[in-house]
Amino acid sequence: RTVYLQSPDLGRRLVKKSIETLKKVNSSKDEEYDLSIVIVDGLSSLAIKENSTIFIKKLVEALNFDSQDWNLSPFTIVQQGRVAVGDEVGELLKAKISLVLIGERPGLSSPDSMGLYLTYNPKVGLTDASRNCISNVRLDGLSYEEAVKKTMYLLKESRRLELSGVNLKDRTINDVIENNINEENFLIK
């Protein structure tokens, strides 16, 4: 754990045994999944212990009630992983979207904060620009219901537009104002 904490480059890739295990999941069938959920302890295993089960239960309920069918891959649990490990998991499972639940860097007042990272067309080598992040999911932070609402919005839009990251904006907040009528800078005339 000490080596992991001192080496940010570790935890981004799976070990060989895990790769072989995930390859076996699809070896008997050539099935693609819509969504791969990857649970990673990250920098706070407490965050995963306290929040992941409740969040997943509410998310799966929302996915089941959604009008679109969601084919979920088997859930994957990664110890001492980082966000990027979800790209390799999603790629190996042939998932269109990966959702990483990870224990965030503990702050002074929130050692139990969980982050969610969504990536469309996950594959090894992507950067953070390819991911959408929802952070501070916990009892005293972003509620599970609000986190599920934001996640469902991003999942549906990611699937519809076939993208994620900086090109996919969270529009779940009602007071977003956009004006595409005049592209001029009003300060320069």
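Position 1 is the first residue of the sequence; numbering continues from there. Just the heavy atoms: all of them, side chains too, but no hydrogens, waters or symmetry mates, feed the values below. Owing to the predicted nature of the structure, the values given are computational and were not obtained by experimental measurement.
Here the CZ atom belonging to Phe75 is positioned 6.5 Å from the CD1 atom belonging to Ile39, to the nearest 0.5 angstrom. With rounding to the nearest 0.5 Å, the separation of SG in Cys133 from OH in Tyr117 is 3.5 Å. Of the inter-residue distances, the one linking Arg159 atom CZ with Trp70 atom CH2 reads 4.0 Å to the nearest 0.5 angstrom. Ile102 contributes atom CD1, which lies 11.5 Å from atom OG of Ser45 (distance to the nearest 0.5 angstrom). Here the straight-line distance linking atom CG of Leu43 with atom CZ of Arg82 works out to 5.5 Å at 0.5 Å rounding. Rounding to the nearest 0.5 Å gives a distance of 11.0 Å between CG of Asp69 and CG of Leu72.
In terms of modelled atom types and a separation under 3.5 Å, the side chain of Asp34 and the main chain of Asn71 share a donor-acceptor contact. The main-chain N or O of Arg13 is never found under 3.5 Å from a side-chain atom of Glu88 such that the two would form a donor-acceptor pair. Without hydrogens or angle criteria, Ser158 side chain to Leu163 main chain gives a donor-acceptor distance under 3.5 Å. When atom types are taken as modelled, the side chain of Ser164 and the backbone of Tyr120 share a donor-acceptor pair closer than 3.5 angstrom. One N or O on the side chain of Ser143 and one on the backbone of Glu146 form a donor-acceptor pair closer than 3.5 Å. Between the side chain of Asn132 and the backbone N or O of Gly165, at least one donor-acceptor pair lies under 3.5 Å.
Residues Leu139 and Met114 fall within the same hydrophobic cluster, defined by Ile, Leu, Val, Met, Phe, Trp and Tyr side chains chained together at heavy-atom separations under 4.5 Å. Residues Tyr144 and Leu118 are members of one and the same hydrophobic cluster, defined by side-chain heavy-atom contacts under 4.5 angstrom among Ile, Leu, Val, Met, Phe, Trp and Tyr. Cluster annotation: Val40 is connected to Leu93 through the hydrophobic network of ILVMFWY side chains, with a link wherever side-chain heavy atoms come within less than 4.5 Å. Under a hydrophobic clustering in which Ile, Leu, Val, Met, Phe, Trp and Tyr are joined whenever their side-chain heavy atoms come within less than 4.5 Å, directly or via other members, Leu154 and Met152 fall into the same cluster. No chain of hydrophobic side-chain contacts below 4.5 Å, direct or via other Ile, Leu, Val, Met, Phe, Trp or Tyr residues, connects Val83 to Ile77.
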Please table the atom pairs, donor to acceptor, closer than 3.5 Å between any side-chain atom in residues 53-64 and protein atoms at least two apart or in another chain.
from	atom 1	to	atom 2	distance (Å)
Lys58	NZ	Glu145	OE2	3.2
Asn64	ND2	Val60	O	3.3

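Among residues two or more places apart in sequence or in another chain, the side chain to side chain contact (heavy atoms under 4.5 Å, CB included) test is passed with Glu104 by Ser113, Ser135. By the salt bridge (Lys or Arg N to Asp or Glu O under 4.0 Å) test, Asp128 pairs with Arg131, sequence neighbours left out.
At a threshold of 4.0 Å, the pair Asp87-Lys123 does not count as salt-bridged, since none of the basic side-chain nitrogens sits closer than that to a carboxylate oxygen. Comment: Asp41 does not engage Lys49 in a salt bridge, judged by the lack of any side-chain N to carboxylate O separation of less than 4.0 angstrom. Taking 4.0 Å as the cut-off between side-chain N and carboxylate O, Arg160 and Glu157 count as a salt-bridged pair.
Residues Gly86 and Val38 share a closest heavy-atom pair of CA-CG2, 4.2 Å. The two residues Leu35 and Ser98 make their nearest non-hydrogen contact at CD1-C, 4.4 Å. Summarising the geometry of Pro111 relative to Ser44, their closest heavy-atom pair is O-OG, 2.5 Å, with the distance given to 0.1 Å. Closest of all the heavy-atom pairs between Val78 and Gly81 is CG1-CA, 4.0 Å. Scanning all heavy atoms of the two residues, the minimum distance from Pro122 to Gly90 falls at CG-CA, 3.7 Å. Of all the heavy atoms in Leu22 and Leu14, the pair that sits closest is CD1-CD1, 3.6 Å.
Counted by atom type alone, Lys149 and Thr172 present zero donor-acceptor pairs between their side chains at under 3.5 Å.
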Would you sort out whether Lys94 and Tyr33 count as a side chain to side chain contact (heavy atoms under 4.5 Å, CB included), showing the intermediate values?
-> CA-CA 6 Å; Lys94 300 177 188 167; Tyr33 295 104; 5.5 Å; no
Apply side chain to side chain contact (heavy atoms under 4.5 Å, CB included) to the pair Lys156 and Asp66, showing each step before the final yes or no.
-> CA-CA 10 Å; Lys156 288 178 184 183; Asp66 189 45; 2.7 Å; yes
Derivation of the side chain to side chain contact (heavy atoms under 4.5 Å, CB included) call for Glu91 and Val124 | CA-CA 7 Å; Glu91 183 176 21; Val124 173; 3.4 Å; yes
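For the pair Ile97/Leu155, a side-chain contact is recorded, criterion being any heavy-atom separation below 4.5 Å from C-beta on. No side-chain heavy atom of Glu50 sits less than 4.5 Å from a side-chain heavy atom of Arg138.
The side-chain contact (heavy atoms from CB on, under 4.5 Å) test with Ile134 singles out one residue from Leu101, Thr151, Val148, Asp170, and that residue is Thr151.
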